[in-house]
Engineer: 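Below you will find the structure I want to go over with you.
Starting from 1, each residue takes its place in the sequence as its number. Quick caveat: nothing in here was measured; it's all calculated off a predicted structure.
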Amino acid sequence: MWPTLAIFAAVFAIGFLVLWRGERRQRLGEAERHEKTLRELTAKGEQKKLNFRAEQETLFNSMIEGVLVLDGEGQVRLVNDAFQDLFNLHQNLKGRSLMEAVRLHEIEKIYNQTLVVGQVHGYNIELPALQDRSLQVNSTVILDQRSERRGMILVFHDITRIRELESTRREFVANVSHELRTPLSLIKGYVETLIDGARNEPEVALKFLNTIEKHADRLTFLIEDLLTLSHLESGQLVVNPRMTDLKNSVERVCEDLSKKAAKREIDLVNAVGGQVMVAADGDRLQQVLFNLIDNAIKYGRSSGDVRITAAPGEDGFVEVCVADDGAGIAPEACERLFERFFRADKARSRDQGGTGLGLAIVKHIIQSHGGEVRVESQVGTGTSFFFTLNKELF
């Protein structure tokens, strides 16, 4: 009997051991699966955090405003790319004090003011050392849940272009006012003289009326040029390019200006060879040629010549040149010739007439055709205006 019990006990022990090992392996397998799942979840969580941080950093650096974040001690915690570009900074600024980072007392002043009042809005500063930039700064203190200061954010808006546009607007209004006031004052003066009795003297009255007509025409040309320029700049003026014979266009403009050229004994030379076809709105092309040739007659050398030529340009363009042999233009004036109302020689320009808008109109017409315009000049040897037009329709 005892041997039988011993055998039974041994079998039971072996069976129990097998079951225990099986269950242990199962539990170990489950533990490993749980651990693997936990690792995967942890990895996914870390990856999400990394992705979130990357998205935040991308968003932070994509801002066009410069952003500077300081900690409670006034040291740099974060800056974005726009801030570093704005102040031309390329080194690592993290951990530096405000003055070590930017070295501008104006910004330190904003920082100190923000500490006192909590926030500053619309503070304007000028940075002559950084290409005459104008900045608008907004700042605010960062508070924690207990309303204790944890740091500060300063946001820098580059308003240089806005200031430039405002300056251009003021200059434009001043120039238009002057250009309108001068002929109006003359017209009013001559009319008053006629009313006071000069109308009874035929020769004097006729002279005054001719002068009045001249200045009335000047006002008309100014208004027409202003409207044309406004339509060109706003894109409202429709340009209809057609294959146009350049030589014929030049010839028609030269005929229109032949009497004016003859008064100054200037020869108009149409040196455009053969049949040069360009993709251009015929009326606008003649407007460009008229302005350039008219200027060449006004400012060219008396008894000289004005020469119009054309040559193959780059990338399928034709380059047209209108050249005179006059006194030339100073280099610093050449850079501004295509600005509205700019005059290289103001005294002579007043005598010669004109609205001061012709070259600005030329620039916008050529650009609307996809071309470019430029000027070359040397004092004492003459001036050449160049513009390009495509040889084929788009």
Side-chain angles (χ1 to χ4, degrees), residues 164 167-168 171-172 174-176 178-179 182 218 221-222 225-226 228-229 232-233 250 253-254 256-258 260-272 284-311 313 317-369 371-389:
E164 290 174 351
S167 176
T168 301
E171 184 179 351
F172 177 73
N175 284 327
V176 170
H178 178 78
E179 294 294 335
T182 302
R218 181 178 170 184
F221 295 146
L222 174 61
D225 281 353
L226 284 170
T228 299
L229 188 59
L232 283 166
E233 289 181 335
V250 173
V253 174
C254 287
D256 292 340
L257 291 170
S258 59
K260 189 170 186 176
K263 288 181 180 179
R264 302 199 66 223
E265 298 180 347
I266 291 176
D267 291 330
L268 300 180
V269 181
N270 182 359
V272 178
R284 297 303 166 195
L285 174 58
Q286 288 192 51
Q287 191 173 5
V288 167
L289 291 167
F290 188 95
N291 277 321
L292 294 179
I293 297 172
D294 184 49
N295 277 351
I297 294 170
K298 286 180 186 177
Y299 305 113
R301 179 173 59 86
S302 182
S303 302
D305 62 59
V306 173
R307 181 175 294 270
I308 303 95
T309 59
F317 281 83
V318 172
E319 186 172 65
V320 184
C321 174
V322 177
D324 65 57
D325 53 2
I329 304 169
E332 60 272 16
C334 286
E335 297 177 1
R336 299 189 58 195
L337 276 180
F338 296 99
E339 295 179 14
R340 294 171 294 186
F341 294 111
F342 178 78
R343 299 173 189 270
D345 185 346
K346 293 184 179 180
R348 190 177 176 192
S349 296
R350 302 295 183 201
D351 294 337
Q352 296 287 354
T355 63
L357 296 171
L359 291 178
I361 291 172
V362 166
K363 181 186 75 172
H364 283 285
I365 290 176
I366 295 302
Q367 288 180 344
S368 68
H369 281 77
E372 296 178 352
V373 62
R374 61 187 176 89
V375 61
E376 293 180 2
S377 185
Q378 290 185 351
V379 176
T381 60
T383 303
S384 297
F385 284 90
F386 300 85
F387 65 89
T388 57
L389 292 169

Engineer: State plainly whether the residues Arg374 and Glu376 are in salt-bridge range, i.e. N to O under 4.0 Å.
Structural biologist: yes
Engineer: Only one of Val288, Leu285, Thr228 clears side-chain contact (heavy atoms from CB on, under 4.5 Å) with Ile365; which?
Structural biologist: Val288
Engineer: So, taking the atom named CG in Leu292 and the one named SG in Cys321, what distance separates them when rounded to the nearest 0.5 Å?
Structural biologist: 9.5 Å
Engineer: State, with a plain yes or no, whether a side-chain heavy atom of Val322 is found less than 4.5 Å away from one of Val306.
Structural biologist: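 SC-SC contact between Val322 and Val306 confirmed.
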Engineer: Looking only at heavy atoms, which two atoms of Asn291 and Gly358 are closest? And how far apart?
Structural biologist: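 Looking at all heavy atoms of both residues, the closest pair is ND2-O, 3.7 Å.
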Engineer: Take atom CD of Glu372 as the centre, draw a 6.0 Å sphere, and report whether it contains more than 12 heavy atoms from other residues, nucleotides or ligands.
Structural biologist: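 12 or below, so no.
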Engineer: A side-chain contact here means heavy atoms from C-beta on lying under 4.5 Å apart; do Ile329 and Tyr299 qualify?
Structural biologist: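 In short, these two side chains do not touch, never coming nearer than 4.5 Å.
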Engineer: Are any of the side-chain heavy atoms of Lys298 and Lys260 separated by less than 4.5 Å?
Structural biologist: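 A side-chain contact under 4.5 Å exists here.
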Engineer: Quick one: pull up CD in Glu265 and CG in Asp305 and give me the separation to the nearest 0.5 Å.
Structural biologist: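 Answer rounded to 0.5 Å: 13.0 Å.
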Engineer: From Gln378 CD over to Ser384 OG, what is the distance, rounded to the nearest 0.5 angstrom?
Structural biologist: 9.5 Å
Engineer: Which heavy atom of Val373 sits nearest to which heavy atom of Ile366, and what is that distance?
Structural biologist: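 That would be N-CG2, 4.4 Å.
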Engineer: Does a side-chain heavy-atom distance below 4.5 Å link Leu357 with Leu222?
Structural biologist: yes
Engineer: Could you tell me if the side chain of Val253 sits less than 4.5 Å from the side chain of Ile308, heavy atoms only?
Structural biologist: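 Not touching, per the 4.5 Å side-chain cut-off.
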Engineer: Please round to the nearest 0.5 Å and tell me the distance separating atom CG of Leu337 and atom CD of Glu339.
Structural biologist: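 Going from the CG atom of Leu337 to the CD atom of Glu339 covers 9.0 Å.
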Engineer: Working to the nearest 0.5 angstrom, can you tell me the gap between Asp324 CG and Leu268 CG?
Structural biologist: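 Spacing of CG (Asp324) from CG (Leu268) equals 11.5 Å.
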Engineer: Looking at Arg218 and Thr182, what are the two nearest heavy atoms and their distance?
Structural biologist: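 The answer is NH1-CG2, 4.1 Å.
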Engineer: Can you tell me how far apart CD1 (Ile293) and CD1 (Ile266) are? Round to the nearest 0.5 Å.
Structural biologist: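 Between Ile293 CD1 and Ile266 CD1, I get 12.0 Å after rounding to 0.5 Å.
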Engineer: Does the side chain of Phe385 come within less than 4.5 Å of Leu359's, by heavy atoms?
Structural biologist: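 Touching, per the 4.5 Å side-chain cut-off.
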Engineer: Do you know which two heavy atoms are closest between Arg264 and Gly300, and how far apart they sit?
Structural biologist: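 Nearest heavy atoms, Arg264 then Gly300: NH1-O, 2.9 Å.
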Engineer: Could you tell me which non-hydrogen atom of Val318 sits nearest to which non-hydrogen atom of Ala310, and how far apart they are?
Structural biologist: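 So the two residues come closest at CG1-CB, 4.1 Å.
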